[in-house]
Amino acid sequence: MTELNAELARQAIVEHTRRLVESAAAAGPDAAVPTAPEWTITDLVEHMGQTQHWVAEIIERRITDPTQLPTQMAVLPTDPREWQAWLSESAQRVASACSDDALDAPVFNPAGDKRPGTRFWMTSVLNETVVHGFDAANAAGRPADLDADIAAALISNHLAMLTSPTWEMQRSESAHAIRGTGQTLQWLATDTVDDAGAWFVERRPDGATWQPATQRADVTVTGPARSLLLILTRRLPLTDGEATTVSVDGDTDLAQQWLDNTAHVSD
């Protein structure tokens, strides 16, 4: 599984939070968020800060029992002029919580896979920050750049969630919809090195699986890692190759059906 260096992940959380809040300020608190249609910018900022503070507390307290997860959420400042400081604080808090000492400490991992809990949460928070940073930038009409290695790690994280031992419990309809009888999907990044940008998915009767590999598939989606991530999290359309520089070879309906049933966890 493609994983980021922990220091790079911590820096990216802080940096992409900074970009998010700049885009939020440019869009304005009442602006609609086209890629998260139920939200305004105020909702997005509140969700982002609350998520970062909540995760930081889980790691700080080394919570291992899901019944002990925090129930109190951080309060969004009513004055939008205070949002920058509030989000800067939440980003730095969660980045600091993901210290080297915490990376392999006992912490609850809701995916139920082999990753230590802190590493799970660190990547999940980065995913939230990047994807919702795109939402804010899109609402403000601003570009949203993303390094290929970060995008690749987040694609791996996305697929790990969808094939995790607990996905059926969290999203039973999704887990059932992505089962199959051997259908295969290949996602290929054009801007990464070797198998760091190759994800092979097989839909089996007992659930979907994935591995970092390049194989013949029923459908192959090829393009920059950033575009693949935003397509997989349903922020960009699959078939708009001109906008995403992505090509689809094979059974497009198979890829679209996968996307239709694998929503980003927090959208």
Side-chain angles (χ1 to χ4, degrees), residues 1-18 20 45-76 86-133 149-172 174-175 207-212 229 232-233 262-267:
M1 177 173 169
T2 307
E3 289 192 7
L4 286 176
N5 169 275
E7 182 58 27
L8 176 59
R10 291 187 287 256
Q11 292 173 0
I13 288 170
V14 173
E15 172 60 20
H16 282 274
T17 301
R18 182 190 66 78
L20 184 154
V45 170
E46 181 177 46
H47 168 78
M48 197 67 259
Q50 287 181 339
T51 297
Q52 291 179 342
H53 278 297
W54 186 76
V55 169
E57 184 176 348
I58 293 170
I59 299 169
E60 290 164 354
R61 291 171 51 194
R62 302 291 195 269
I63 292 175
T64 58
D65 181 352
T67 66
Q68 300 301 311
L69 292 173
T71 56
Q72 298 295 316
M73 303 302 286
V75 177
L76 174 73
W86 188 67
L87 281 181
S88 177
E89 177 189 2
S90 66
Q92 190 56 62
R93 181 184 178 190
V94 74
S96 297
C98 297
S99 64
D100 288 343
D101 290 342
L103 290 178
D104 297 311
V107 174
F108 172 60
N109 172 2
D113 56 25
K114 295 180 180 179
R115 287 177 288 176
T118 298
R119 293 181 184 272
F120 164 85
W121 288 115
M122 181 173 64
T123 308
S124 297
V125 167
L126 178 56
N127 184 80
E128 289 284 295
T129 307
V130 165
V131 172
H132 291 316
D149 55 349
I150 293 176
L154 296 183
I155 291 170
S156 295
N157 176 71
H158 177 78
L159 294 174
M161 283 297 298
L162 296 176
T163 58
S164 69
T166 61
W167 186 248
E168 183 162 1
M169 179 178 66
Q170 297 176 28
R171 295 286 181 94
S172 60
S174 172
T209 65
W210 81 276
Q211 59 181 304
L229 174 67
L232 283 164
T233 54
T262 53
H264 177 56
V265 163
S266 294
D267 63 4

Original post:
Taking the six-membered ring for Trp, are Trp54 and Trp121 parallel (under 30°), tilted (30 to 60°) or perpendicular (over 60°)?
Top reply: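 Ring orientation of Trp54 relative to Trp121: perpendicular.
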[atom1] of [X] to [atom2] of [Y]: how many Å apart, nearest 0.5 Å?
X     : Y      : atom1 : atom2 : value
Glu60 : Cys98  : CD    : SG    : 9.5 Å
Ser90 : Leu76  : OG    : CG    : 10.5 Å
His16 : Leu126 : NE2   : CG    : 6.5 Å
Leu69 : Glu57  : CG    : CD    : 9.5 Å
Asn5  : Gln11  : CG    : CD    : 8.0 Å
Leu8  : Ile13  : CG    : CD1   : 10.0 Å

Original post:
Any luck finding a side-chain donor-acceptor pair between Asp101 and Ser99 under 3.5 Å?
Top reply: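 Their side chains do not contain a donor-acceptor pair, so the 3.5 Å distance test is not met.
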Are any of the side-chain heavy atoms of [X] and [Y] separated by less than 4.5 Å?
X      : Y      : value
Asn157 : Arg115 : yes
Met73  : His53  : no
Ile59  : Met122 : no
Ile155 : Leu159 : yes
Val107 : Pro116 : no
Leu4   : Ile150 : yes
Ile63  : Pro70  : yes
Leu154 : Val131 : no

Sub-3.5 Å donor-acceptor pair from the side chain of [X] to the main-chain atoms of [Y], do we have one?
X      : Y      : answer
Thr118 : Ala102 : yes
Asp113 : Ser164 : no
Gln52  : Ala91  : yes
Gln170 : Pro110 : yes

Considering all heavy atoms, the nearest [X]-[Y] contact:
X      : Y      : result
Gln50  : Trp86  : N-CH2, 3.7 Å
Thr166 : Ala111 : OG1-O, 3.1 Å
Leu87  : Thr17  : O-CG2, 3.6 Å
Gln68  : Arg61  : O-NH2, 3.7 Å

Original post:
So does Asp100 pair up with Arg10, basic N to acidic O under 4.0 Å?
Top reply: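 Arg10 and Asp100: salt-bridged.
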